[in-house]
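Residue numbers start from 1 in every chain, and the chains themselves are labelled A, B, ... in the order their sequence lines are given, proteins ahead of strands.
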Amino acid sequence: MSWRVLRLEGVGKDFTRADGGVAEVLRDVTLTVERGAFFTLLGPSGCGKSTLLNIVAGFEGATTGGASLDDRPVAGPGTDRTVIFQDVSNALFPWMNARENVEFGPKMARLGAVERNERAEKYLRLVGLDADGGKFPFELSGGMKQRIQIARALANDPDILLMDEPFAALDAITKKHLQVEFRKIWSETGKTIFYITHDIFEALLLSTHLAVMTAGPKAGIKEVFQLDLEEPRSPSNPDFAAMYSRVETLIDEEVQRMRAR
Amino acid sequence: MNAGKLARLSVSILVFTGVWWTSSGTFFEEAIVPSPVSVAGKLGEMIWNTQLFAHLGASLRRIVLGYALGCVIGVVVGVATGAIRLARDLIEPPLEFCRNIPPVALIPLVVSIFGIGEIGKYFIISYASGIAVLFNTAAGVASTPQIRVRAALCLGARKQDIFVRVVLPSAWPHILTGLRLALGFSFMGVVAAEMLAADQGIGFLIMQSTNIIAPAEMFVGFLMLGSFGLITDQLFRMTIHRLMRRYMIPMA
């Protein structure tokens, strides 16, 4: 399954509200994500970032427009796109231990036991949990569970990881470690990442590309940046700091606009 | 069990028995609340003449069959109501209505329909246990986290795999809770059914003891209900603990 670009074209999404009215969440979102990119979507809470990710994942259809890999439209969930959820306790299978969770995808692909096991070991090692394969999710901390979810996704060898604020619920120290490690994993595996966050710092630390969204309803793309920041990325680098305040200004504008409405 | 816990358990049992013993013949007449000694004597006598086993056997047979039937129906219908919108909309309203009617209230009707034979008793117990299993199962199936289903789809599970691979295992703890509650309800159901219409069983033993003025027999009946309920619940907990080690659901 070779492809070059993930395209979102003219994506709009309406929801029917409980009172029967129509909520226009997204309006005319157009984006291009190059293969291999670490593409981050940054926006204020409630702007429809997750809805956009769900459309790319194939969980929800767009009301107008749609997502496609090159010219193949996304029609439903597929093994080429795997989602990493923030709510990891519900995303993992609690009745399976860490290894069994990681082996789930290979098992669905009907791989033999030996190969499944090799894959599980490889990716558990990659996320630093090779000694914890026999543990069940309830025995693991939030950060460890998130590592398992990342290993589980990678073991299935998808082209794109769709990540919905994966580290937002973790404590600051765990979050920082995972961010650094995950960026390393990204550069080693060469996966395309479609990442959602409302954390400017995280976005600048991780991404090669950054799209800032406008506030909802009728949210769209405000501006897209290519981030050629000095490596290793650090908030003390002047270009990092300059970019931070530039993005912060954009977000503040959107928050003001939302309040004024 | 450590020594401290064992000591506290012994004290608890001794105090309970002591209160019973001292109140018998003082606070209560002995003809109403017999002493532990006369109850123990009665128990021995009933074991000796095998009367006890006849009653106990009758009750347990009813419980086992009625409970098994109730569980099967409860799980099947519960899964259907939890998983299928149409089934839920059609089945749930009358069941929501029925769950407010205690099994005991149905006994007169059941006796009129089935007579005092065994079928009516199985019906009462199946009803009592089935409703508990059904509602817990339906709740468990319906509460499968959406993102767990989505995660499985991303990982290559087909739509037709989701039920067995995700929904059922997610609902399993709820189903077991229902099964355990239902076991308790089965005990209540069997006693009620036997008190009103039976010639054998623990419920009958208790009811009959007032007619023939044999208070010790009534207390033997209590003793049986208490200890058998306790034993089956403990067995159930142990089984669950084995099965559920994967879930680590704290079962009180």
So, the part of B/Val149 with a heavy atom under 4.5 Å from chain A: the answer is neither
Using non-hydrogen atoms only, which part of A/Asp87 is less than 4.5 Å away from chain B: side chain, backbone, both, or neither? both
What I'd like to find out is whether the side chain of B/Thr144 reaches to under 4.5 Å of the side chain of B/Ile162, using heavy atoms alone. no
Under a 4.5 Å heavy-atom cut-off, does chain B meet the side chain of A/Ala57, its backbone, both or neither? neither
Please classify the contact between A/Gln86 and chain B as side chain, backbone, both or neither, with a heavy-atom cut-off of under 4.5 Å. neither
Most heavy-atom pairs under 4.5 angstrom with chain B, which of A/Met96, A/Glu100, A/Arg81? A/Glu100
Which atoms of A/Ile84 come close to chain B, meaning under 4.5 Å heavy atom to heavy atom: side chain ones, backbone ones, both, or neither? neither
Quick check against the 3.5 Å criterion: does B/Asp233 have a side-chain atom that pairs as donor or acceptor with the backbone of B/Gly229? no
Is the shortest side-chain N to carboxylate O distance from A/Glu202 to A/Lys175 below 4.0 Å? no
Which bit of A/Phe85 comes within less than 4.5 Å of chain B, counting heavy atoms only: side chain, backbone, both or neither? side chain
Parallel, tilted or perpendicular: which describes the rings of A/Phe138 and A/Phe136, with under 30° parallel and over 60° perpendicular? parallel
Is any NZ, NE, NH1 or NH2 atom of the basic residue among A/Asp130 and A/Arg99 found under 4.0 Å from an Asp or Glu carboxylate oxygen of the other? no
Please round to the nearest 0.5 Å and tell me the distance separating atom CZ of A/Phe194 and atom CG of A/Asp164. 10.0 Å
